[in-house]
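Notes to accompany the following structure.
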Amino acid sequence: MAANLIETAAQLGARKVVHAVCSHDCPDSCGVLVTVDELTDKAVKVQGDPSHPVTRGFLCGKVAKYLDRVYSPDRLLYPMRRKKGAANGPLGYGSVKGREPEAFERISWDEALDEIAAKLTKIAAEFGPESVLPYSYAGTIGQLGYGSMDRRFFHRLGASQLARTICAEAGGTALKNVYGVKLGTVPQDFAHAGLVIAWGANIHGNNVHLWPFIEEARRKGARLVVIDPYRTRTAALADEHLAINPGTDTALALGLMHVILSMGLEDREYVAACTNGFEELRAHALKPKHSPESVAKATGIDAGTIVRLARAYAAAGRNGSSGPAVIRLNYGIQRSENGGTAARAVCMLPLLTGAWKHKGGGLLLSTSGSFPFNDKALQMPELMLASPLGRPARVVNMSQLGQALTTLGNDPADGPGVKALFVYNSNPAAVAPNQNDVLRGMKRDDLFTVVHEQFFTDTADYADVLLPAPTFLEVKDVQGAYGHLFAQVSNRAIAPLGEARSNVAMFGELARRMGFDEPCFNDREDELIDQALKSENPWFAGITRERLEREGHVPLQMPVDANGDVLPFSTPEWFKTSSGRGELLPVPVFTAPTESRANAAKGAYPLEFLPRKADNYMNSTFANIPLHQRMEARTAGILEMHATDAAAREIATGDAVEVFNGRGSITLRALVNAQVAAGVVAARLDWNKLSANGANVNALTSETLTDIGGGATFYSTLVEVRKGQADIR
Ligand SMILES: Nc1nc2c(c(=O)[nH]1)N[C@H]1C(S)=C(S)[C@@H](COP(=O)(O)OP(=O)(O)OC[C@H]3O[C@@H](n4cnc5c(=O)[nH]c(N)nc54)[C@H](O)[C@@H]3O)O[C@H]1N2
Ligand SMILES: Nc1nc2c(c(=O)[nH]1)N[C@H]1C(S)=C(S)[C@@H](COP(=O)(O)OP(=O)(O)OC[C@H]3O[C@@H](n4cnc5c(=O)[nH]c(N)nc54)[C@H](O)[C@@H]3O)O[C@H]1N2
Ligand code: SF4
Ligand SMILES: [Mo]
């Protein structure tokens, strides 16, 4: 493969082709071939790696246009400092139209690092190092960029630890509770399925490289059923769309179990060999409250459909005439108050039918547990003991940033208030829940804020010091995936633009300024990659940096069956739970979210709100790129609502509407359509400063945490809607 690349480069003359990996927070982790003009060191083309078995030569719509992002005139290219006296807050549109915001002045890296080091040192001495809060998520999911030198730095400083819960903690923990490890059906094997259920999973929008395998299965007769309260493009392309009431997936899963178990459709042999707690679950699922009729009331899906789906699910793959059933569970259902239980309940379904035994059967939530990267070597938690604290620092939950910035420290037992916020790989001003409290916190005059970014994001608006970060074309990294089983090295295709510095380089430099003299702060990319790959786990056998550099992508050495297939959970050896089996206990109990229509009667906000992701953005990333904005024009500033709810409020398509609850209000334009059922309204995530009154959907979401894992509950949000404009704040 590498030989091919070199030949291609030679044919191209002054051009070379470099293998990189898309580092965005997406299950697909695509292999990307970057064509670079060697004379100008400019990337001239990006394409999906045709030799990567999951990328298969294509990129999603967002990254196919990636050069628009890399070479955007709006890139933050130099360190900057907020001018003395410049207001701390929204910078307005100037900051996204190629002009450097007036509030900032350019400084050198030396000045920036000196200032940050001096400030952090002073704050740590005065208030204790835990008054420093790092805030990062998955701007890059490269192992080094996501968490290596940054963690070493904050551990050595004694800064608060951040619980990174905003995305996947509830579902991830649920999967581990049931299976002991984050593994699932091999994505390529979806081509062999006879029934595919996309459960809280917008495959075509968020995970498009799974789609061709599903299409292949459908050409052979498979059906695709989508369970989603919103008519996503995945739902529109499916054989059947079940518009479930938000937050009621546990009820539906129990209803399906009720039908399967009352008809005796479970796989007895598999259940006996591979599960724990079957009799308890059976007794629980067979209760009348889980009958199709009762479940229909909670979920909004009629009883006949539930029976039909349960029978089809249990029958798939059994009679030899069709392929097995596979569930693409994604993280949609776990952004809900009881989302951990819901994910656990859905995860149990293939344990009852034994769908795991068949190629293409089972369930896929995440494959991230297949990659035994040595995070301990990368992140060195033992450095906390070398910090002035001399102990592990307290943990702050990132899904409650508003509370952390506005109330932490009020009770001395919780430790100091947050005095310094260091943001990288994230745009919390736009993506964190309960935005009004988050912004109130960020506006505090006594808060020192550093933001390491590629663009002047909503969070950059609140920075005291801004540092330029590179895109994935500009750095070297090593990456796994949460939607396939190939390890990859991402090579540096071009030099960092302007004065951008990688997370690794920036935190390494800063550590030296702070006087941290441990040699680990001198490690560079190659050393870190070697450390990341150093593992006793046989799944990484033979996977070295040199091999990844040579081959681009390398499959994990997973155990295979007699046919050479990787069939997770087909046999008892796969389970890593304490019982050594698929764990059906405790039995999942359905409770409607406190913020849901089931409980709406008690409050003034009767509508369930879906504050969605955009198909052509990546959370808040790409929201400022004109080309991507054009692809998302249909839903720009739009509230989608059902005709019944619109009529009841005398709202018509095109009307300005105020969407509000006790936490905030935003202004959108109504679009009356059939994307949502009556009782549900939907709008998508955007940058605040590109929104009507400077606030996005997260002005309405809450800091309530999920039942399991302490995750965010974006999709358990009640609102009311009225015609007219919210007051501009
Ligand atoms: N284009 C694009 N791709 C992305 C992203 C993006 O922003 N844009 N984000 C990336 C990230 S960070 C992640 S975590 C993954 C996430 O990928 P997904 O897990 O697919 O994430 P969501 O879009 O949050 O949720 C999926 C679907 O769940 C539905 N849903 C909401 N509430 C419920 C419920 O109670 N029950 C059921 N059954 N469904 C519900 C939503 O309407 C949504 O269509 O995608 C990644 N890929
Ligand atoms: N309403 C609502 N809110 C949500 C969600 C939702 O569906 N609805 N989804 C939630 C989910 S699942 C997630 S994962 C979070 C995502 O939240 P975030 O992780 O904050 O994701 P992004 O909005 O993509 O912002 C990532 C930022 O990192 C920057 N970045 C990229 N690469 C680098 C790098 O190498 N170094 C540095 N320093 N910066 C870099 C990008 O420019 C970008 O601005 O949002 C959550 N918020
Ligand atoms: S965002 Fe996802 S689908 Fe798009 S190129 Fe990156 S990894 Fe592939
Ligand atoms: Mo996410």
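First listed ligand is number 1; within each ligand, the first listed atom is number 1. Being a predicted model, the structure only gives us computed values, none of them experimental.
Contact annotation: Lys62 has at least one heavy atom less than 4.0 Å from an atom of ligand 1. At least one heavy atom of Gly205 sits closer than 4.0 Å to an atom of ligand 1. In this structure, His24 does not count as a contact residue of ligand 2, since none of its heavy atoms falls inside 4.0 Å of the ligand.
In this pair, Phe58 and His209 present their aromatic rings parallel. The plane angle is below 30°, not in the 30 to 60° band.
Both the sub-6.0 Å distance and the 45° axial angle are not jointly satisfied by Arg492 relative to the ring of Phe472.
With hydrogens left out, the protein atom closest to atom 45 (O) of ligand 2 is Val431 CB, 3.4 Å, a heavy atom. Closest to atom 5 (C) of ligand 1, if we only count protein heavy atoms, is Met618 SD, 3.5 Å. Atom 9 (N) of ligand 2 has its closest protein heavy atom at Lys613 NZ, 2.8 Å. Nearest protein heavy-atom contact of atom 26 (C) of ligand 1 is Gly200 O, 3.2 Å.
Which parts of ligand 1 touch Trp199 is read off a 4.0 Å heavy-atom cut-off, strictly below it: atoms 38 (N). Short contacts between ligand 1 and Tyr331, defined as distances under 4.0 Å to a heavy atom of the residue, involve ligand atoms 19 (O).
Considering backbone and side-chain atoms alike, Asn425 places an N or O below 3.5 Å from some N or O of ligand 2. At a 3.5 angstrom cut-off on N or O pairs, Arg612 does not count as close to ligand 2.
Scanning Gly61, Gly247, Cys167 for the heavy atom closest to atom 14 (S) of ligand 1 points to Cys167. Looking at Pro229, Cys26, Ala168, it is Pro229 that brings a heavy atom closest to atom 30 (N) of ligand 1. Of the listed options Ser596, Ala614, Gly332, Gly332 places a heavy atom closest to atom 25 (O) of ligand 1.
Residue Ala138 touches ligand 2 through its backbone alone, judged by heavy-atom distances below 4.0 Å. Only the side chain of Tyr715 comes within 4.0 Å of ligand 2, judged by heavy-atom distances. Counting heavy atoms under 4.0 Å from ligand 2, residue Asn503 touches it through the side chain alone. Here Asp25 has side-chain heavy atoms under 4.0 Å from ligand 2, and that is the only part of it that gets that close. Of all the heavy atoms of Arg69, the ones lying under 4.0 Å from any atom of ligand 2 belong exclusively to the side chain.
The shortest non-hydrogen separation linking Ile203 to Thr234 is N-OG1, 3.1 Å.
Side chain of Asp302 to main chain of Thr305: a donor-acceptor pair is present (N/O by atom type, distance under 3.5 Å, no hydrogens or angles). At distances below 3.5 Å, not a single donor-acceptor pair connects side-chain atoms of Thr55 with backbone N or O atoms of Gly48.
Put simply, OG on Ser702 and CD on Glu595 are 5.0 Å apart, with the number rounded to the nearest 0.5 Å.
No salt bridge links Asp150 with Arg152; every basic N to acidic carboxylate O contact stays at or beyond 4.0 Å.
Aromatic pair Phe154/Phe422: centroids less than 6.0 angstrom apart.
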